[in-house]
Amino acid sequence: MAIKAGEADLGLAVGVEKLSGAGLLGVRGTERADGEPWTPQGRYGSVAPMDGWVGTETMPGVFAQIGLEYLHEHPYTGAPLELFARISEKNHAHSTLNPLAAYTKRMSLAQIMNEVMVAYPNTRPMCSANCDGAAAAVLVSDAALRRLPREQRRRAVKVSASVLTSDPWQEACQVLPDVSTLTRQAAATAYETAGVGPEDLDLVELHDCFATAELIHYDNLMLCEPGGAVDFFDSGATWRDGRLPVNVSGGLQSKGHPIGATGIAGVWEVCQHLRGEGGDRQIGGARVGLAHVIGLGSACGVHVLERAA
Amino acid sequence: MPPEVPLVDYLVLGDHPHLVARQCRDCAARFFDRRNACASCGSATGFDDVALPEEGVLRTFTVVSVAAPGVPVPYAAGVVDLDGTSVRANLVDVAPDPAQLRAGMRVRLTTFGLGTDRDGVTAIGFGFAPWEK
Ligand SMILES: [Zn+2]
């Protein structure tokens with residue numbers, strides 16, 4: 001933003017996280033001493049912790065509900081567990097080509113479905129992994145770019161859109177987080193700003209904190225017809241050899257989800273492909289990519305990036 | 001009758017236990033938490049309590065098998081649509097098994113005891129149970 005305002009012409013964006021072993025996020029323990037008097041506390045006047053007694057606040061459970069709600073609103077006759085496991089199968093297959101991923105093992109559909117159930121339909125490999133991580137991006141103005149050596153100019157990636165949104169109040173948004181409205185708004189603004197449509201994209205890195213989240217973001221990012229996320233995935237489009245590869249890094253389910261670094265890591269992944277530096281996992285001829293990140297609360301970032309040269 | 005206290009202050013006990021929402025006087029947005037201003041329109045005009053129906057429709061659900069210490073698992077959790085107002089709750093009087101649950105199914109509020117403290121006060125929780133007319 002400072003670069004755009006002309007206050008700076010060279011900047012460094014850094015994301016860092018130390019999260020290994022943090023366990024289940026979003027919840028505290030609910031231990032209380034036997035016989036301790038019930039005392040209303042907090043903004044719900046609750047006499048005891050609510051998580052697990054008044055629905056769930058666990059992240060795997062929250063996103064499980066978000067995914068199943070989509071399948072209810074856009075009726076699906078198949079088995080939800082198998083559908084979401086197939087999304088996870090794709091990302092774990094992609095991760096085998098990414099030496100920087102936390103997990104690089106291919107997993108069969110049966111393995112994923114039979115793994116430890118965390119919150120139906122999310123089994124353990126369908127959940128993003130808590131891990132440490134860091135990512136950074138160097139940002140330069142057009143003027144500063146012209147002063148750089150030719151080999152660095154050649155690697156430059158154009159930031160065609162950089163959009164940050166927060167969520168407007170919607171009915172139920174405090175009951176179940178709404179990660180769709182703000183993603184749709186960010187995507188619409190980003191496409192408009194970049195003069196690029198979803199049909200122009202060569203690859204997407206989206207926020208698959210859970211397999212159930214990946215499905216709904218196909219729709220939110222308008223990669224498919226409204227309500228058509230399942231058909232879009234079933235077409236094979238999002239595999240690395242498909243029409244629009246999604247999460248060729250392995251996604252947060254394999255690459256890991258170091259929360260503070262996740263956003264820039266997604267941008268970095270897209271940049272590697274646009275520069276032709278994707279190594280074994282290079283998406284051939286990639287010219288335009290999109291990176292998407294979410295933080296509950298909520299905020300959403302969408303970047304449209306284009307090969308400059 | 002021994003004294004009772006609701007698990008949350010938006011649960012009203014008595015002969016017909018039900019939930020109440022706080023409705024913004026300006027824009028009619030509904031909330032369950034105590035607030036100084038409306039998150040939808042920003043108004044601080046105030047809120048009125050609105051009783052919600054006991055029956056509704058399950059919008060979505062999950063069965064949680066891994067939870068924080070002290071929370072019995074597995075348990076079924078979901079979001080229930082009470083005639084246009086959504087509420088978060090556990091699904092009770094039904095096995096915590098995805099095969100027994102279906103988004104779109106009709107559910108009804110029910111209450112249960114959570115334990116009695118040393119003063120003899122029993123905390124009452126609530127959940128929604130499958131219910132067909
Ligand atoms: Zn209002």
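For clarity, every value in this text was computed on a predicted model and none was experimentally measured. In what follows, every chain begins at residue 1, and chains take the letters A, B, ... in the order their sequences are listed.
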Does A/Asp178 form a salt bridge (Lys or Arg N to Asp or Glu O under 4.0 Å) with A/Arg184? I'd like the steps, not just the answer.
CA-CA 11 Å; A/Asp178 172 17; A/Arg184 297 190 83 85; over 6 Å; no

Please test A/Glu214 against A/Gln253 for side chain to side chain contact (heavy atoms under 4.5 Å, CB included), starting from the C-alpha separation and ending with a verdict.
CA-CA 10 Å; A/Glu214 175 155 333; A/Gln253 290 165 67; 4.2 Å; yes

Pair A/Glu115, A/Lys105 - check salt bridge (Lys or Arg N to Asp or Glu O under 4.0 Å), show working.
CA-CA 14 Å; A/Glu115 254 275 3; A/Lys105 284 210 177 76; over 6 Å; no

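The residue among B/Ala103, B/Gly127, B/Ala77 with the most heavy atom pairs within less than 4.5 Å of chain A is B/Ala103. When B/Leu91, B/Val79, B/Val63 are compared by the number of non-hydrogen pairs under 4.5 Å with chain A, B/Val63 comes out ahead. Considering only heavy-atom pairs separated by less than 4.5 Å from chain A, the leading option among B/Pro72, B/Ser40, B/Pro74 is B/Ser40. Residue with the most contacts toward chain A among B/Thr122, B/Leu114, B/Asp81: B/Leu114 (heavy-atom pairs, distance under 4.5 Å). For the set B/Ala29, B/Ala76, B/Gly125, the entry with the most heavy-atom pairs within less than 4.5 Å of chain A is B/Ala29.
With a threshold of 4.5 angstrom between heavy atoms, B/Leu11 does not approach chain A through any atom at all. In this structure, the portions of B/Phe126 lying under 4.5 Å from any heavy atom of chain A include both its backbone and its side chain. Residue B/Arg102: no heavy atom, backbone or side chain, is found under 4.5 Å from chain A. When heavy atoms are compared at a cutoff of 4.5 Å, B/Val87 approaches chain A solely by way of its backbone atoms N, CA, C and O. Contacts of B/Phe32 with chain A are made by both backbone and side-chain atoms, with heavy-atom separations under 4.5 Å.
No side-chain heavy atom of B/Val121 sits less than 4.5 Å from a side-chain heavy atom of A/Val47. Looking only at side-chain heavy atoms (C-beta outward), A/Met126 and A/Val118 stay at 4.5 Å or farther from each other.
Here the OG1-NE2 distance, from A/Thr212 to A/His217, works out to 9.0 Å after rounding to the nearest 0.5 Å.
Within 6.0 Å of the OH atom in B/Tyr75, the count of heavy atoms belonging to other residues, nucleotides or ligands exceeds 12.
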